[in-house]
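Counting convention: from 1, in listed order, for ligands and their atoms alike. Model, not experiment: these values are computed from the prediction. Position 1 is the first residue of the sequence; numbering continues from there.
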Amino acid sequence: MSQVSETALVLFSAGQDSATCLAWALQRFAHVETIGFDYGQRHRIELDQRPVLRDAIASLNADWRSRLGGDQLVDLTGFGALADTALTANRAFEFEASGLPNTFVPGRNLVFLSVAAAHAYRRGADVLVGGMCETDYSGYPDCRRATLDAMQDAIALGLDRPMRIETPLMRLTKAQTWGLARDLGGAALVDAILEHSHTCYAGDRAHRHAWGYGCGVCPACDLRAKGWQAFAEVP
Ligand code: ZN
């Protein structure tokens, strides 16, 4: 299925998921741009990894390189201050009475998608691509496909222009996301994501594990380690 005439805007945080989404988009669309958000995240090092990872992925494939356009980093620190969670304030990772982890930033994906849609509108992009995932995650309600379907409708109405939200990882486990990366770009893409993506909430890039850099104990490291282990066990 080729949709290569379209332009896509990838929500690119430099995590494993958005890195895989970037490769997925580069494989499909004629032109791909990226957008990222500074919301005062404690793991700000991911912002430093964005250009490194972008370049590492593009360098794997001449077609990908030719399709990759610009990057936009948006300052949403005011929003992050309002959200006041374990991702933006110095506090322990734990579960709240709601059952959600206190890494939940209320409305984060709603804000990100609204801002991304505004940028996409100006850039002539038809498609937003995000790494939201229902399967293996922490139950964040703004990662659900139902939320994104409603957002897609709201954006199309509000901009008076269709804007598709593609979520290629929605039904995948973390291990399957590694598998998708391998399908898209072979071992070289898997290696680039291992080495240059950043997932750890604590912002640790001092400790290198088989699954990449991280503290090894935060919820993001735990999920990433388990996903890699499950992937690596499959022949
Ligand atoms: Zn960690």
- Item | Residue pairs involving residues 201-223 (criterion salt bridge (Lys or Arg N to Asp or Glu O under 4.0 Å); sequence neighbours excluded) | E195-R208, D222-K226

- Item | No-hydrogen, no-angle side-chain donor-acceptor test under 3.5 Å, T34 and R54 | yes

Would you tabulate the side-chain donor-acceptor contacts of residues 152-161 under 3.5 Å, counting partners in other chains and residues two or more places apart, or write 'none'?
unit_1, atom_1, unit_2, atom_2, d
Q152, OE1, I165, N, 2.6
R161, NH2, A125, O, 3.1

- Protein-derived N, O or S atoms lying under 2.8 Å from the Zn ion (ligand 1), waters excluded: 4

- Enumerate the residue pairs fulfilling salt bridge (Lys or Arg N to Asp or Glu O under 4.0 Å) with a member in residues 43-53, sequence neighbours excluded, ordered by first and then second residue. D38-R44, R50-D71

- Message: If you take the centroid of each ring, where Trp contributes its six-membered ring, are F112 and F37 closer together than 6.0 Å?
- Response: yes

- Message: Looking at R144 and E134, is there a salt bridge between them, counting it only when a charged N and a carboxylate O are closer than 4.0 Å?
- Response: no

